[in-house]
Amino acid sequence: MSIFWKIAVIGSGPAGFYAAGELFRQQSWSIKVDMFDRLPTPFGLVRGGVAPDHQKIKSVTKIYNRIAENENFRFFGNVEFGRDIHRSDLLELYDAVIYSVGSPSDRSLGIPGEDLPGSHSATEFVAWYNGHPDFRNHKFDLSVKDAFVIGMGNVALDVARILAKTPEELSKTDITDYALESLYESKIEDIWLVGRRGPLQAAFTPVEAREFLELDNADVVLEGGPFELDKASQLILETEASKDTKKNIEILKQISAKKSSDKNRRVHFLFLASPLEIMGEGRVEKIRMVKNKLVKQDDGSLRPKATDEIIEENAGLIFRSIGYHGKPLVDVPFDQKSGTIPNESGQVIDSDDSNSLLSREYVTGWIKRGPTGVIGTNKQDAVETVHRLLEAFLQEKIEPRQTSNSSEIESLLESRNVDYVSFEDWKLLDEHETETGLAQDRPRVKVTAIDEMLEIIMDKR
Ligand code: NAP
């Protein structure tokens, strides 16, 4: 009997797949990977986060499909950690566990009025238009004139762009049908992107910023007159700014120089402003903001400091887009402040003794390092984690468990009546979605309800 190390990967987004891929790349190790996801569909934020008009980015799933073809790979979808399987089960059945569950929650602003109807997190809106089953029944009132997006990262730009595009621009994408219908009815005219710092500190990337120059029915406006940088930012631009930052500045200058036309919508870039309060009788009606100036910190960074200039604007919808945040997993160490699982190069630190590392638990992706970086960033991250895992196995002389009967996990899930989905099952659903999409000249038409997904799989099996 050949002996395998059995690794459980929790979460099937890019981080999980890159970890599986790196495990399979090890010539001198025989490794089996079982990957679990609480949804019947794999690929995490590639399906539920990447904007529908960014289809090229989604082609990264070809790499994940190749990894899934490995004979030592299995997918268990529709299996929720902490509900259907527990840490103790995995530590009994596997040699190691890699948590790659991402950062499914969001950060809040902590200002009055944030919970008024009409104020939402960008993560909810993104998950809604992308058809995440948990968010498909959310409602967003697009019958208002002004929408504010707080934050200047790529997620904020995604939200602003989706609101600014015409339904025709989106109709050939895989945006959900219900989102497209709502967008057809949208009365939004002004979309405001609000950054607490200046143009040089914007977190978005040039490719995403440039798209605002090419919208069919929306002008783009740089608020606050002609483009100008404060002295300290100008110095940074000339001495140490990255290529991307320099490109961002060029694009913002182009935006600033742009003459307005008669397009029906406008996207406003408003820098150096922080929201103070969201106001309204029973729903969002106004936003009160303060203008900031930048102040140099001891570490050289430029942070926002409130001035006494207040701005008040009508607002019907507000999306806070100030970063994702991790959620704790049952029985797994968690640092609330950073929203991550404490780790050393990917190896989980014991919550009872911060000097000691858990030899069979690892972490990769956003739940390891926080919600930063693009999809590809997760590859390097997973490589570090996997190598740490293999080194620990060697150092601690961890032998593969002799429980190599691979049907144990299936028996366990069946005994708990868990209706799990294999990768072949997902392929059936994938085929259904892409065939429906083909008939409409779209990449796919997403199924968004879990029972419907399971029914389609059952019918096609
Ligand atoms: P992000 O890049 O970290 O941006 C967060 C933004 O929120 C920053 O502008 C930040 O400003 C601001 N912010 C934070 N706290 C705030 C506060 N209390 N008040 C006002 N503003 C505040 O996060 P993200 O946009 O959620 O994106 C997450 C990651 O996914 C990023 O690495 C991003 O590049 C990536 N992503 C990539 C794409 C793509 O490649 N197309 C698409 C989507 C997401 P400060 O800088 O002042 O802190």
Side-chain angles (χ1 to χ4, degrees), residues 13-15 44-60 102-111 114 119 121-127 129-130 148-162 192-212 233 236 242 244-245 247-248 252 269-278 287-295 297 301-306 318-326 337-340 365-378 380-381:
L45 278 184
V46 177
R47 179 175 168 102
V50 172
D53 55 344
H54 283 175
Q55 286 300 316
K56 258 195 200 157
I57 297 181
K58 297 188 192 214
S59 61
V60 70
S103 310
S105 189
D106 67 289
R107 296 178 53 224
S108 60
L109 288 160
I111 59 169
E114 197 168 355
S119 163
S121 74
T123 53
E124 284 172 66
F125 187 61
V126 169
Y129 64 62
N130 275 327
F148 278 74
V149 187
I150 314 300
M152 278 285 180
N154 281 327
V155 172
L157 265 56
D158 280 350
V159 169
R161 196 181 63 255
I162 295 296
W192 297 74
L193 279 156
V194 182
R196 63 178 169 179
R197 297 194 285 161
L200 197 83
Q201 293 79 29
F204 54 71
T205 38
V207 176
E208 283 64 30
R210 203 170 284 120
E211 288 178 79
F212 286 90
S233 294
I236 294 174
S242 69
D244 271 1
T245 304
K247 282 188 197 161
N248 278 351
L252 288 167
F269 280 75
L270 173 62
F271 286 100
L272 292 167
S274 289
L276 292 176
E277 188 178 357
I278 297 168
I287 182 165
R288 203 151 67 85
M289 298 175 281
V290 63
K291 279 296 277 178
N292 296 325
K293 62 180 179 185
L294 293 176
V295 176
Q297 308 296 296
S301 67
L302 296 175
R303 302 301 309 166
K305 186 165 190 290
I318 294 179
F319 296 101
R320 56 177 184 279
S321 181
I322 60 168
Y324 285 79
H325 197 78
K337 192 160 176 270
S338 63
T340 58
W366 279 5
I367 197 67
K368 170 186 176 187
R369 66 176 195 276
T372 58
V374 291
I375 291 172
T377 316
N378 294 300
Q380 268 317 103
D381 193 331

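Each ligand, and each atom within it, is numbered from 1 in the order the structure gives.
Of all protein heavy atoms, the one lying nearest to atom 2 (O) of ligand 1 is A203 CB, 3.6 Å. Protein heavy atom nearest atom 9 (O) of ligand 1, with residue, atom name and distance: M152 N, 3.0 Å. Looking only at heavy atoms of the protein, atom 23 (O) of ligand 1 is closest to G323 CA, 4.1 Å. Scanning the protein heavy atoms around atom 22 (C) of ligand 1, the nearest turns out to be I322 CG2, 3.3 Å.
Set against the non-hydrogen atoms of E208, the atoms of ligand 1 under 4.0 Å away are 39 (C), 40 (O), 41 (N). Interface of S321 with ligand 1, defined as ligand atoms under 4.0 Å from a residue heavy atom, comprises 6 (C), 7 (O). Every atom of ligand 1 with a heavy atom of P371 under 4.0 Å away is listed here by number and element: 28 (C), 29 (C). In summary, the atoms of ligand 1 found under 4.0 Å from a heavy atom of T372, numbered by their order in the structure, are 32 (O).
For V155, a nitrogen or oxygen atom sits less than 3.5 Å from a nitrogen or oxygen atom of ligand 1, counting backbone and side chain alike. Annotation: V374 places no N or O atom under 3.5 Å from an N or O atom of ligand 1; distance criterion only.
Using a 4.5 Å cut-off on side-chain heavy atoms (C-beta onward), V295 and R303 make no contact. Side-chain contact between Y324 and D106 is absent, with no heavy atoms from C-beta onward closer than 4.5 Å.
Taking OG1 of T372 as the reference point, atom CH2 of W366 lies at 8.0 Å (rounded to 0.5 Å). Here the CD1-CG distance, from I162 to D53, works out to 4.0 Å after rounding to the nearest 0.5 Å. Put simply, NZ on K368 and OG on S103 are 13.0 Å apart, with the number rounded to the nearest 0.5 Å. Rounding to the nearest 0.5 Å gives a distance of 7.0 Å between CD1 of I318 and CD1 of I111.
Atom 11 (O) of ligand 1 is approached by the protein to below 4.0 angstrom, counting heavy atoms only.
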Output, in order, the C-alpha distance, side-chain angles, deciding distance and verdict of side-chain contact (heavy atoms from CB on, under 4.5 Å) for L302 and I236. CA-CA 10 Å; L302 296 175; I236 294 174; 3.8 Å; yes
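Side-chain atoms of D381 do not come within 3.5 Å of backbone N or O of A15 as any donor-acceptor pair.
Under a 4.0 Å heavy-atom criterion, S274 is not in contact with ligand 1. Using a 4.0 angstrom heavy-atom cutoff, G195 does not count as in contact with ligand 1. Using a 4.0 angstrom heavy-atom cutoff, R320 does not count as in contact with ligand 1.
Side-chain contact annotation: T205 with D244, donor-acceptor N/O pair under 3.5 Å absent. Using modelled atom types, one finds a donor on one side chain and an acceptor on the other under 3.5 Å when comparing Q201 with S233.
Here atom 43 (C) of ligand 1 lies nearest to N154 when heavy atoms of V207, T123, N154, L193 are compared. Of all the listed residues (G376, G198, G373, G153), G373 holds the heavy atom that lies closest to atom 31 (C) of ligand 1. Closest heavy-atom approach to atom 14 (C) of ligand 1 among the candidates R196, R197, R303, Q201: R196. Looking at F204, W366, Y324, it is W366 that brings a heavy atom closest to atom 30 (O) of ligand 1.
Under the 30°/60° scheme for interplanar angles, the aromatic rings of F212 and F269 are found to stand perpendicular.
Partners of R196 by side chain to side chain donor-acceptor pair (under 3.5 Å), not counting sequence neighbours: none found.
Only the side chain of D158 comes within contact range of ligand 1, with a heavy atom under 4.0 Å; no backbone atom does.
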